[in-house]
Structure formats: structure tokens, C-alpha cells
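Below is one structure, written out as C-alpha cells; the observations come after it.
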Amino acid sequence: MQLINLKVFKGDEVIRDINFQDGINIITSEGSNGNQIGKSTTLRVINFCLGSDGDHIWKDPDSGVTHHDIYELVTNGFITFVLILKVNGINYSIKRKIEKNVTKKRTILKRYSWINDKEYHSTEKYKHEIANLFGYNTEKPSYNSVKNRFIRLNKATSGNIFKFNNTYTSDDEYTLIYSHIFGFQGHTELTLEYELKQKSAILKTRINSLLNGNSELYFRNKLGSINEEIRELETKAGAYDISDIQNQTIDSLREHREEVASLSSRIAGLEIKEIYNKRTIENYLNKITHIDEKAIIAIYNEALSLIPDIRTTLSDTIKFHNSIFSRKAEYVKKQSELIIDELAILKGKLNKSLEQEEKLFKLLSNEGHLSGFILIEQSIKEKMEERGRISYILDEIAEMEDEIRSLNTKIIKLRSKIELYISELYNNLELFNDPLRVISKKIFKNFSLELEANILSDLSLKFSIVNEDKVSGDGAPRAASMAFDMAMVEYVKNSGAKLPEFTLQDYLEPADEDKLFELIQLANSRKIQTVISILNDKLQLLSNEFINKNCILKLSYMDKFFKI
């Protein structure tokens, strides 16, 4: 997939017509004022055509400030973006526009999308088709997370060589991303391993919740202590010397007390479950009915700053958020219904036992030593209820620990399979490392970078960058990340991988000028399609002839991207 042309229409008028070329494509400024003129907007428009929601066309991803004139222009349906891509030698026309629909309650932004004049009424269907355009049909990792490897529009991660997505992306997710990029045959097993580890993590979180800051040993010791106290109380209760009918009545009473204690213990355990369920349901429903919209908006804006091409709107995010917790609450409600039915049955049995117990107490009501017996039995009942609560916690933990062990066994088996495919992965990595070593050596002189796949002692697969620790200095990380992205484009071209054959680079101002100069020259000499947005004062090492030849768009304060 290569970039061919981008046109921006205002009605029927073409206000921008940008042709892309192999090698370097420079978007820069002229004059002394090069900020806030739309250099980065070009890259964001391309990203919008490739599936992002387009919000950053009018909203600054760093400050979150909305440029209202651009917002009104773009969202009133006046502006249409048309991007021409070449995929496997065939040109595709991508067209997108945004129109807003203002209601009394809210403003809805409707995105219209076409591929080769075929309209896609659902944004999700359009994104799916864009992914399919160059053969991306993998569920994990997502198309968006892989696309970010080639598009550097996030200031927060623009200088990160290896971890290019948002800060919440885990190491396991990066393993899946690089596994897919390099066509690893064990990717299916890696995906299954990832899902099993997610399940295990959820179980561990539940265990920690039940322990509530204590250890399992603490609860087992407490259970032993309670059992000892119950035995002592039962010994005291059995020491009463009551003969004949009184003795028989006491024995009968004791039997009923034991049954009452057993039923009470079971009821206590179920009631604890029901309490947990009620709290869980309340928590889920509270997340729906008491959404802190300011907090959600702040989190969403932060996510946009970390992932510029988020494809889901804030409204969709809130709806999705609510639907998840609604489904979770519904599931827990169904479980609660079963518990409530069982509680009703047990409480019915308990009431009958208590009625019989009351009759026996009346028969013995004149016995002077009965009050002591009642106090002992009450203490036994309380201890049994406490034992029931602790037993429930320990039983739940034991069950979840068994499940975790089972998951770990499955993970080990998957890792054994993964190891069988590793040699082919090394071969694919070499196709990437060849250009990476050359490009990084050119800019760092004393060392080169290399991506390595490692099988650790637990047989898990992890990727890492050799010599990443040597990348030091204020401008070095940004240069290194651009070198990595350029090598990735060359790998795609050489391997035939179904991935973008271009890279978009923003926030290059922190990069060292000499390293940036070398990268620009390498992009041209190695024909790596690289689109950069940069201030003109960072191009001082380049000749005017070179800049004029490779500049695809030059903007100024008097000629901004949207001409407003």
C-alpha cells in the first residue's frame, strides 16, 4: 500500500492537490511563522482516510483545544477528502467527509465513507474494508494497533522505538503485534496464550479481592482457631448432667441445634455470595447511571493524544461502556436469582427447625441451668456462621487456583508449540534487521539497532531491541524511532507483507538535525516512501534545490492548509 495523491475539496473546488513520490515527501513552512498552519493536518487527514475518526483534524492532540473555524468548516459537510492508494499495483480511491447533526440533546457527527465510489454506511464496516484492502484479516492484534507502527502522529510516543502505541499497551500485546508483522507461524498459539493469560489475570484479581489484603494462610489459621473454639463449646454443652426425659429432650434439642447451625452456615455462605453479587450489580449499574462525563471526556481526550487514530467516537465509547456493564449486571442478576431460590428453600427448612426448637425450649423452660446451655449453643451458632464465611472464601480461592494451574498447563503446552516455529521467525526478522542495521548505523556511527526475538527460560516469546540502551541524547530517540519505521517500510516492500509501504512522521523537531539529514537522504536513496511534517528551520542542512524537489506542500500563515 503506497500513497499516490490526496485532494481536498471545498464543495466542487479543489483547495489542496498533493502528489506523493517514492522516497522523502516534505511538508514544511515558509517564513518565520511555521506553527498552527496545518502541516500536521495533512498527516491527520491521511490517517482519517485510513480509518481514524478525524477529530484531530480540528482538535489539537496535545492541548485538546478545538479550532472552531476548522471544526465548523469540516463538520458542515463542505470538505471532502479523496486519497488515492496503490495496493498490489492497483489504484484505489478513498473518499471521506463529516457532517454534523445538531439535536436538542447533543451534536452527532456522521462520517461518510466510500472506496472506489462504493459507500459504506457503517463506520465499522468501512474500517473493516480498509483493513481488508491490503489483506489485513487478523482479529488480534487490531488493524489500528499495527497501523500505528507506520504512522507517528502521537507526540507522547513519537520517540519510543519499540513501544509505539499508548502507554496502556502491555508487553504481551506488543508480542502479538510484532508476531503478526513478521508473519510468525505460531501467531495462533500466541493469541491463545494471550487470552489464557488474560483469564488467569482476572482470576488473580478476584482472589486478591476475596483475600482483602490478607494471606490465604491467615484465613486457614483463623479457621483452625474457630474449629478449636467450637470443640471447646461443644464439650461444655455436653457436660450438663440431665437424666431421663429431660436428657432425651436435651438430646433432641441438641440435634435440632446442630441442624439449625448447619442450615445457618449454608445460608450464611449463600448470603455472602448474594452480598457480593448485589455489590457487583450496584457497581456495574452505578458505572452506567452515574457516569462522570467530565472524567470520561478527559480520559477519552487523553486516549486521543496517545492514539491519534482512535476510530470510536466519544458517544460510541460511552454506549459501549454502558453495554458492557449492562450485560455484566444482567449475568450477575441471573446468578443471584439461583442463589435467592436456594436461600428460600434453606430458610424454609430453618424455620421449621426453629419452630421445633422453640417447642423443646418451652418443655425445658423451668430448668435453672438451661440459660447457660442456650448461651453456649448461641456461641456455637455464631462460630459456625463465621466458619461458613471463611470456608466459602477458601473454597472459592481453591477453585480459582485450580483453574489458574489448569490455564498455566495449557500455556506451557502452547509455548512448546511456539518454540517449534521460531527458526522461521528469525529468518523474517533478518529481512527487517538488514535495513535497520544499515540505517541506524548511518545515523549513530558507533553502533546499530537490531530487533531480536527471545525465547525466555519459561518458554515465553518476547521481542526486544539490541543496543536500545545506547540511544541517548535529547534528539537521538526521535531519530531512532524514525529509522525503525523506515526499516519497517523497507521490510514490507522486500517481504511482500500485507502492510503499509509508507510511513508518516510528525513531531520531528526534537530530532538531531544531522541525524535527520541522514534519514532524509536514506529515505530517498533507498526509495522508502516517508512523509514528514517539519518546520523549515530544521531543514537547514538540506540544499534549496533538494527541498524544492522533494517538498510536496509548503504552507504559510497566509496560506494555511484549509485556506482559512
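Here the structure is a predicted model, which is why all the values come from computation and not from measurement.
Side chains of Glu450 and Asn467 form no contact here, defined as non-hydrogen atoms less than 4.5 Å apart. The closest side-chain heavy-atom distance from Ile532 to Ile24 is below 4.5 Å. Using a 4.5 Å cut-off on side-chain heavy atoms (C-beta onward), Arg405 and Glu401 make contact. Counting heavy atoms from C-beta outward, Ile130 and Ile94 have side chains that approach closer than 4.5 Å. The side-chain heavy atoms of Glu193 and Leu190, taken from C-beta on, include a pair separated by under 4.5 Å. In this structure the side chain of Asn548 reaches within 4.5 angstrom of the side chain of Lys554, judged on heavy atoms. Between Arg96 and Tyr126 there is a side-chain heavy-atom pair separated by less than 4.5 Å. By the 4.5 Å heavy-atom criterion applied to side chains, Ser464 and Asn454 are counted as neighbours.
At a threshold of 4.0 Å, the pair Arg526-Asp22 does not count as salt-bridged, since none of the basic side-chain nitrogens sits closer than that to a carboxylate oxygen. Taking the charged nitrogens against the carboxylate oxygens, Lys199 and Glu403 have no contact shorter than 4.0 Å, which rules out a salt bridge.
No more than 12 heavy-atom neighbours from other residues, nucleotides or ligands sit within 6.0 angstrom of NZ on Lys118. Around NZ of Lys560, the count of heavy atoms belonging to other residues, nucleotides or ligands within 6.0 Å exceeds 12. Atom OH of Tyr557 has 12 or fewer neighbouring heavy atoms from other residues, nucleotides or ligands inside a 6.0 Å radius. The environment of NZ in Lys563 is crowded: more than 12 heavy-atom neighbours from other residues, nucleotides or ligands sit within 6.0 Å. Annotation: Asp117, atom CG; neighbour count of heavy atoms from other residues, nucleotides and ligands within 6.0 Å does not exceed 12. More than 12 heavy atoms of other residues, nucleotides or ligands sit less than 6.0 Å from atom CD of Glu452. Within 6.0 Å of atom NZ in Lys527, 12 or fewer heavy atoms from other residues, nucleotides or ligands are found, so the atom counts as exposed in its surroundings. Atom CG of Asn208 is surrounded by more than 12 heavy atoms from other residues, nucleotides or ligands within 6.0 Å.
Side-chain N or O atoms of Asn165 include one that pairs as donor or acceptor with a backbone N or O of Ser145 at under 3.5 Å. No donor-acceptor distance shorter than 3.5 angstrom exists from the side chain of Asn47 to the backbone of Ser52, with no hydrogens or angles considered. Between the side chain of Lys538 and the backbone N or O of Glu509, at least one donor-acceptor pair lies under 3.5 Å. Using a distance-only test at 3.5 Å, with no hydrogens or angles considered, no donor-acceptor pair links the side chain of His187 to the main chain of Ile181. The closest donor-acceptor contact from the side chain of Thr530 to the backbone of Ile528 lies under 3.5 Å. A distance-only check finds a donor-acceptor pair linking the side chain of Ser495 to the backbone of Tyr491 [under 3.5 Å]. Side-chain atoms of Ser481 come within 3.5 Å of backbone atoms of Ser158 as a donor-acceptor pair (strictly under, hydrogens ignored). Checking side-chain atoms of Asn25 against main-chain N and O of Gln21 turns up a donor-acceptor pair under 3.5 Å. Using modelled atom types, one side-chain atom of Arg478 and one backbone atom of Tyr507 make a donor-acceptor pair closer than 3.5 Å. Distance alone, capped at 3.5 Å, places no donor-acceptor pair between the Gln505 side chain and the Met482 backbone.
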Item to check | Derivation and outcome, side chain to side chain contact (heavy atoms under 4.5 Å, CB included), residues Leu461 and Phe463 | outcome: CA-CA 7 Å; Leu461 173 65; Phe463 290 88; 4.2 Å; yes

Item to check | Audit row: Lys442, Leu522, side chain to side chain contact (heavy atoms under 4.5 Å, CB included) steps and yes/no | outcome: CA-CA 9 Å; Lys442 187 72 174 176; Leu522 285 165; 3.8 Å; yes

Item to check | Worked verdict on Arg152 versus Asp506 for salt bridge (charged side-chain N to carboxylate O under 4.0 Å, His left out) | outcome: CA-CA 6 Å; Arg152 292 280 187 169; Asp506 200 1; over 6 Å; no

Item to check | Test log, rule salt bridge (charged side-chain N to carboxylate O under 4.0 Å, His left out), inputs Asp55 and Arg111 | outcome: CA-CA 11 Å; Asp55 287 359; Arg111 288 148 177 94; 2.8 Å; yes

Next on the checklist: Before you tell me yes or no, could you show the steps for Leu3 and Gln529 under side chain to side chain contact (heavy atoms under 4.5 Å, CB included), namely the whole-Å CA-CA distance, both residues' side-chain angles and the distance that decides it to 0.1 Å?
Outcome noted: CA-CA 8 Å; Leu3 302 172; Gln529 190 176 59; 3.6 Å; yes

Checklist entry - Under the salt bridge (charged side-chain N to carboxylate O under 4.0 Å, His left out) criterion, do Glu189 and Lys413 qualify, and how do the steps go? => result CA-CA 10 Å; Glu189 285 77 11; Lys413 290 180 179 178; over 6 Å; no

Next on the checklist: Determine whether Val466 and Leu449 satisfy the following criterion, side chain to side chain contact (heavy atoms under 4.5 Å, CB included), listing intermediate values before the conclusion.
Outcome noted: CA-CA 6 Å; Val466 176; Leu449 300 174; over 6 Å; no

Next on the checklist: Please determine whether salt bridge (charged side-chain N to carboxylate O under 4.0 Å, His left out) holds for the pair Glu99 and Lys97, giving the CA-CA distance in whole Å, both sets of side-chain angles, and the decisive distance to 0.1 Å.
Outcome noted: CA-CA 7 Å; Glu99 288 187 9; Lys97 64 186 296 186; 3.7 Å; yes

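Rounded to the nearest 0.5 angstrom, Leu73 CG and His68 NE2 are separated by 14.5 Å. Within the model, atoms NZ of Lys493 and CD of Glu501 stand 7.0 Å from one another, a figure rounded to the nearest 0.5 Å. Separating the CG atom in Leu83 from the OH atom in Tyr92 is a distance of 14.0 Å, to the nearest 0.5 Å. A distance of 12.5 Å separates NZ in Lys140 from OG1 in Thr188, rounded to the nearest 0.5 Å. Within the model, atoms CD1 of Ile46 and CD1 of Ile18 stand 7.0 Å from one another, a figure rounded to the nearest 0.5 Å. Note that the CD1 atom of Ile90 and the CG atom of Leu133 stand 9.5 Å from one another [nearest 0.5 Å].
Across all non-hydrogen atoms, the minimal contact from Leu50 to Met1 is CD2-SD, 4.2 Å. Nearest heavy-atom pair across Thr28 and Cys551 is CG2-SG, 4.0 Å. The two residues Ser40 and Ser533 have their closest heavy-atom pair at N-OG, 3.4 Å. The two residues Phe20 and Asn5 make their nearest non-hydrogen contact at CD1-N, 3.6 Å.
Geometric assessment of Lys110 against the ring of Tyr112 yields a positive cation-pi assignment under the 6.0 Å and 45° thresholds.
For Asn116 and Ser93, the side-chain atoms include no donor-acceptor pair closer than 3.5 Å. Counting only N and O atoms by type, the side chains of Ser416 and Glu419 include no donor and acceptor under 3.5 Å apart.
Taking the six-membered ring for Trp and the full ring otherwise, Phe184 and Tyr426 have centroids separated by 6.0 Å or more.
Of the candidates Asp458, Asp171, Asp172, Lys197 forms a salt bridge (charged side-chain N to carboxylate O under 4.0 Å, His left out) with just one, namely Asp172.
Looking at residues two or more places apart in sequence or on another chain, you find no side chain to side chain donor-acceptor pair (under 3.5 Å) involving Asn494.
Ring pair Tyr174/Phe162 is tilted by interplanar angle, where 30° to 60° counts as tilted.
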